[in-house]
2 protein chains.
Amino acid sequence: MGTVTDDKECSTFLVRHAWLSMRGVVAEALGEHGLSVAQFASLLILDEHPGASVADVARRVSTARQSANEMLGGLERAGLIERRPHPQDRRSQQIFLTGTGRGRLDAARPAVKAVEARLSEGFTPDELAVVNAWLSRMAAATAGTPEELPTL
Amino acid sequence: MGTVTDDKECSTFLVRHAWLSMRGVVAEALGEHGLSVAQFASLLILDEHPGASVADVARRVSTARQSANEMLGGLERAGLIERRPHPQDRRSQQIFLTGTGRGRLDAARPAVKAVEARLSEGFTPDELAVVNAWLSRMAAATAGTPEELPTL
DNA sequence: GCACGATCGTCAGGTACCTGTCAATAGTAC
DNA sequence: GTACTATTGACAGGTACCTGACGATCGTGC
């Protein structure tokens with residue numbers, strides 16, 4: 001009846017299909033490293049922002065504090081991260097990558113970069129820059145409330 | 001600490017942020033028309049493919065048959081679509097837009113196109129063509145299993 | 001000092017979505 | 001015809017995620 005996408009109408013749904021597809025590909029690559037896509041995203045953030053709080057992570061991955069906390073719990077049980085009480089702010093806790101966590105991340109990162117590079121094969125750097133600019137613009141367009149709504 | 005996105009690493013997560021953001025904007029526009037994003041997507045598909053089955057719709061929106069069926073139930077209760085038994089295939093049923101359904105869709109469509117146009121303001125047609133090509137490539141990269149995994 | 005709003009992590013509950021399965025039907029090979 | 005596989009729509013159950021609230025803490029203004 002047609003291919004995967006007949007989003008003649010809305011770029012929004014084309015972006016959704018792209019996300020779903022890329023998530024699938026990345027997940028497959030991450031599976032061999034024992035990581036989920038969400039876990040990988042969190043490890044990336046914690047690598048770049050050591051000592052971030054649960055709320056920080058939640059904001060950066062655009063998810064609810066609760067969800068982030070649950071998933072960080074998984075990472076903690078797996079020994080990939082550790083939580084320490086914040087020295088100044090007694091409400092929050094700082095989260096750090098453990099040695100094994102960093103190792104796992106450094107092992108997985110090249111795999112993800114590889115599949116992403118393979119996906120973008122054939123596009124020139126200029127074109128990719130345009131794509132990046134457009135996606136950034138879209139991501140910045142967040143309408144008022146950043147948190148709402150089901151998946152589709 | 002930074003803006004919404006520091007996805008220096010992975011275009012995958014940039015695409016996700018773009019999707020979440022666009023979904024929010026579109027949802028806001030659709031709210032005034034009493035439609036959810038998922039409902040709007042289904043109406044679009046049914047407009048373009050009248051008589052599609054539940055399984056057809058599910059495949060096109062990349063969701064489970066069950067989810068599609070539940071949501072179509074909502075649209076049916078709202079009187080926007082109607083299901084008829086398929087004349088040849090006694091397993092499946094054909095789904096059609098009702099008059100009110102088509103009216104609702106035709107009212108909502110311009111609103112969505114407007115917000116999407118506003119979002120892409122400032123990009124040249126050539127650039128948008130590149131973006132579209134890239135997104136299509138991504139969407140087509142679906143790894144083996146089309147169905148799996150949580151949201152993030 | 002005290003009061004006020006904002007934010008922290010967390011608990012309870014709900015919703016959206018998915019997987020797995022089923023009987024019924026269709027399509028094909030034999 | 002029968003046998004086998006694939007597909008349809010539906011049911012049951014589970015998981016991921018979210019919303020809404022809570023006490024505790026912070027920051028600021030008074």
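Given the structure is predicted, the values throughout are model-derived calculations rather than measurements. The chains referred to below are lettered A, B, ... by the order of the sequence lines, with proteins before strands, and numbering in each begins at 1.
- B:Phe40 and B:Phe96 are not part of a single hydrophobic cluster, where members link through side-chain heavy atoms under 4.5 Å apart.
- Atom-to-atom, CG of B:Leu72 to P of C:dA16 comes out at 14 Å; the value is rounded to the nearest Å.
- Under 4.0 angstrom from either OP1 or OP2 of D:dA24 there lies no side-chain N or O belonging to A:Arg90.
- Of the side-chain N and O atoms in B:Ser67, one or more sit less than 4.0 angstrom from OP1 or OP2 of C:dC18.
- Here the closest non-hydrogen pair linking B:Leu46 and B:Val57 is CD2-CG2, 3.9 Å.
- As a whole-Å value, the separation of A:Gln93 CD from D:dA24 C1' is 13 Å.
- In this structure, A:Asp89 atom CG and C:dA6 atom P are separated by 17 Å, rounded to whole Å.
- Between the NE2 atom of A:His86 and the P atom of C:dC8 there is a distance of 11 Å, rounded to whole Å.
- One can place CZ of B:Arg16 at 15 Å from P of D:dA16, the figure rounded to the nearest angstrom.
- In terms of phosphate contacts, B:Arg59 brings a side-chain nitrogen or oxygen within less than 4.0 Å of OP1 or OP2 of D:dT8.
- Taking the nucleotide of DNA chain D with the nearest heavy atom to each of B:Glu70 and B:Arg83, the more 5' of the two is matched to B:Arg83.
- Within 3.5 Å, a donor on the side chain of A:Gln66 pairs with an acceptor on the base of C:dC11, or the reverse.
- Residues B:Met22 and A:Ser11 share a closest heavy-atom pair of CE-OG, 3.7 Å.
- The backbone N or O of A:Val130 lies less than 3.5 Å from no partner atom in the side chain of B:Glu127, so there is not a single donor-acceptor pair.
- Within the nucleic acid shown, A:Arg65 comes within 4.0 Å of at least one base atom, counting heavy atoms only.
- Looking at A:Gln93, A:His86, A:Arg91 one by one, the single match for side-chain hydrogen bond (donor to acceptor under 3.5 Å, both in side chains) with A:Asp89 turns out to be A:Arg91.
- Applying the 4.0 Å criterion to OP1 and OP2 of D:dG9, one finds that B:Asn69 has every side-chain N and O outside that range.
- We find that CZ of B:Arg84 is positioned 18 Å from C1' of D:dG9, with the value rounded to whole Å.
- Side-chain nitrogen and oxygen atoms of B:Ser92 include none within less than 4.0 Å of the OP1 or OP2 phosphate oxygen of C:dT25.
- With hydrogens and angles left out, the side chain of A:Arg91 and the base of C:dT7 share a donor-acceptor pair within 3.5 Å.
- For the pair B:Gln88 CD and D:dT8 C1', the interatomic distance rounds to 15 Å; values are reported in whole Å.
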